[in-house]
Amino acid sequence: MVYIFGNWKCNPTNLKKAKEIFYTIEKNFKGNKKVNVAVFPPFVFLNSLNSEKVKKGAQDVFWEKQGAFTGEISPLMLKDAGCRYCLVGHSERRYIIGENNEIIEKKLRSCLENKIVPILCFGEREKVSFGKVKIEIKEQLKFLINYKSFKNVILAYEPVFSIGTGLVCDTSHINDVLNFLKNELNIKYKVLYGGSLNSKNCQEILEKCDINGFLVGGASLKTREFLKIIEIAEKYAKSKEK
Ligand code: 13P
């Protein structure tokens, strides 16, 4: 199974466009057991986008169920809006909004308690030595290392220098990070890759890295491009079955 997840971030600016993107994907994706497709639209569009084939996730969540928390969206609301997944700890929330690990852990726990699968994002901010990368990643994933009993977490490795820059990460570096998780941190969750992913570079990453799929940003808003990525993932998954 290959996961193709689309993080729409703070786009598009109106429901009409959101529906256009969502239902174009929905119409053209046949739906099968080889590829798991989900999109992560802004909160306000969630209730208007519904499909059996294309799953939904939220980009963020609050850790309490309800109450006096102005501006927040609770896990119960996300469930009610049909969300199966939720991003947690995206680098844009860590470094633009200022979320720290304490907040991220609360959000992760809140998802798990409410049966939403968290997609926990991590990745180094800059191109530095691998020794430094390991320290940064270990810090970001500290609470997973301490609590090995978490189930149903998916990780998304998104090196910040690759996000929105066109500089997709080297496959050898992705493999180094995957091996670090498995062999040194003993973290064995599914891992997606994100960062300037498109239909031209996805095949190579699938072939060369032991990755479970992708968290696509910019390219997930371009329907033809996103559908092409899905098609490539389908072909790849089929070829693996033979
Ligand atoms: P881009 O694909 O636009 O680089 O964004 C990646 C990302 O941040 C997905 O969460």
Side-chain angles (χ1 to χ4, degrees), residues 2-13 17-18 21-22 25 35-43 45-46 54-61 78 83-99 104 107-108 111 116-127 133 136-137 140-141 153-171 173-174 177-178 189-206 209 211-233:
V2 183
Y3 292 69
I4 304 295
F5 286 1
N7 174 11
W8 290 7
K9 308 191 180 188
C10 191
N11 302 290
T13 54
K17 186 71 192 159
I21 298 169
F22 185 86
I25 296 163
V35 185
N36 182 355
V37 176
V39 296
F40 296 69
F43 291 130
F45 303 142
L46 284 170
V54 179
K55 299 180 185 87
K56 275 189 299 190
Q59 297 174 22
D60 188 25
V61 66
L78 294 186
C83 289
R84 185 178 292 211
Y85 303 104
C86 182
L87 303 183
V88 177
H90 191 280
S91 61
E92 284 147 20
R93 297 209 59 84
R94 288 181 196 264
Y95 307 121
I96 300 173
I97 316 293
E99 278 186 16
I104 292 165
K107 292 184 173 184
L108 184 98
C111 285
I116 293 171
V117 178
I119 315 300
L120 177 63
C121 306
F122 70 100
E124 72 272 27
R125 284 190 87 165
E126 282 165 29
K127 284 197 176 198
V133 171
E136 198 172 341
I137 290 178
Q140 290 172 333
L141 300 180
V153 175
I154 298 177
L155 300 178
Y157 171 56
E158 302 204 313
V160 178
F161 54 81
S162 285
I163 297 180
T165 56
L167 301 169
V168 71
C169 191
D170 286 348
T171 50
H173 184 76
I174 298 174
V177 170
L178 295 174
Y189 296 114
K190 290 189 172 71
V191 188
L192 315 181
Y193 166 79
S196 296
L197 198 283
N198 59 41
S199 64
K200 295 202 172 64
N201 57 33
C202 62
Q203 176 118 18
E204 187 186 354
I205 300 176
L206 282 173
C209 305
I211 202 91
N212 298 98
F214 302 116
L215 182 54
V216 187
S220 71
L221 291 152
K222 298 178 194 145
T223 48
R224 279 178 62 181
E225 184 66 6
F226 195 59
L227 286 163
K228 226 187 241 178
I229 295 169
I230 295 170
E231 195 187 310
I232 291 168

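Each ligand, and each atom within it, is numbered from 1 in the order the structure gives.
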Any N or O on V216 sitting closer than 3.5 Å to an N or O of ligand 1?
no

Under 6.0 Å from the NZ atom of K55, do we count more than 12 heavy atoms belonging to anything else shown?
yes

Work out which heavy atom in V168 is nearest to a heavy atom in G195; give both atom names and the distance.
CG2-O, 3.6 Å

Starting from atom 3 (O) of ligand 1, find the nearest protein heavy-atom neighbour and note its residue, name and distance.
G218 N, 2.8 Å

Quick check on the 6.0 Å ring-centre criterion: do Y157 and F122 meet it?
yes

What distance do H90 atom NE2 and I163 atom CD1 have between them, rounded to the nearest 0.5 Å?
4.5 Å

Rounded to the nearest 0.5 Å, what separates atom CD1 in I97 from atom CD in E92?
9.0 Å

Protein contact to atom 5 (O) of ligand 1 [nearest heavy atom, distance to 0.1 Å]
K9 NZ, 3.2 Å

Which residue supplies the protein heavy atom nearest to atom 2 (O) of ligand 1, what is that atom called, and how far is it?
G217 N, 2.9 Å

Check if C121 has a non-hydrogen atom at a distance under 4.0 Å from any atom of ligand 1.
no

Using a cut-off of 6.0 Å, state whether more than 12 heavy atoms not belonging to K9 lie near its atom NZ.
yes

Ligand 1 contact by A219, heavy-atom criterion under 4.0 angstrom
no

In terms of heavy-atom contacts, S162 and L167 come closest through OG-O, 2.7 Å

Distance filter under 4.0 Å to E158 heavy atoms, resulting ligand 1 atoms
6 (C), 7 (C), 8 (O), 9 (C), 10 (O)

Going by the order shown, which atoms of ligand 1 are within less than 4.0 Å of some heavy atom of S162?
4 (O)

So, taking the atom named SG in C202 and the one named CD1 in I232, what distance separates them when rounded to the nearest 0.5 Å?
4.0 Å

With heavy-atom distances below 4.0 Å as the criterion, list the atoms of ligand 1 near L215.
9 (C), 10 (O)

If we only count N/O pairs under 3.5 Å, is N7 in contact with ligand 1?
yes

Ligand 1 to G195, heavy atom cutoff 4.0 Å, flagged ligand atoms 4 (O), 6 (C)

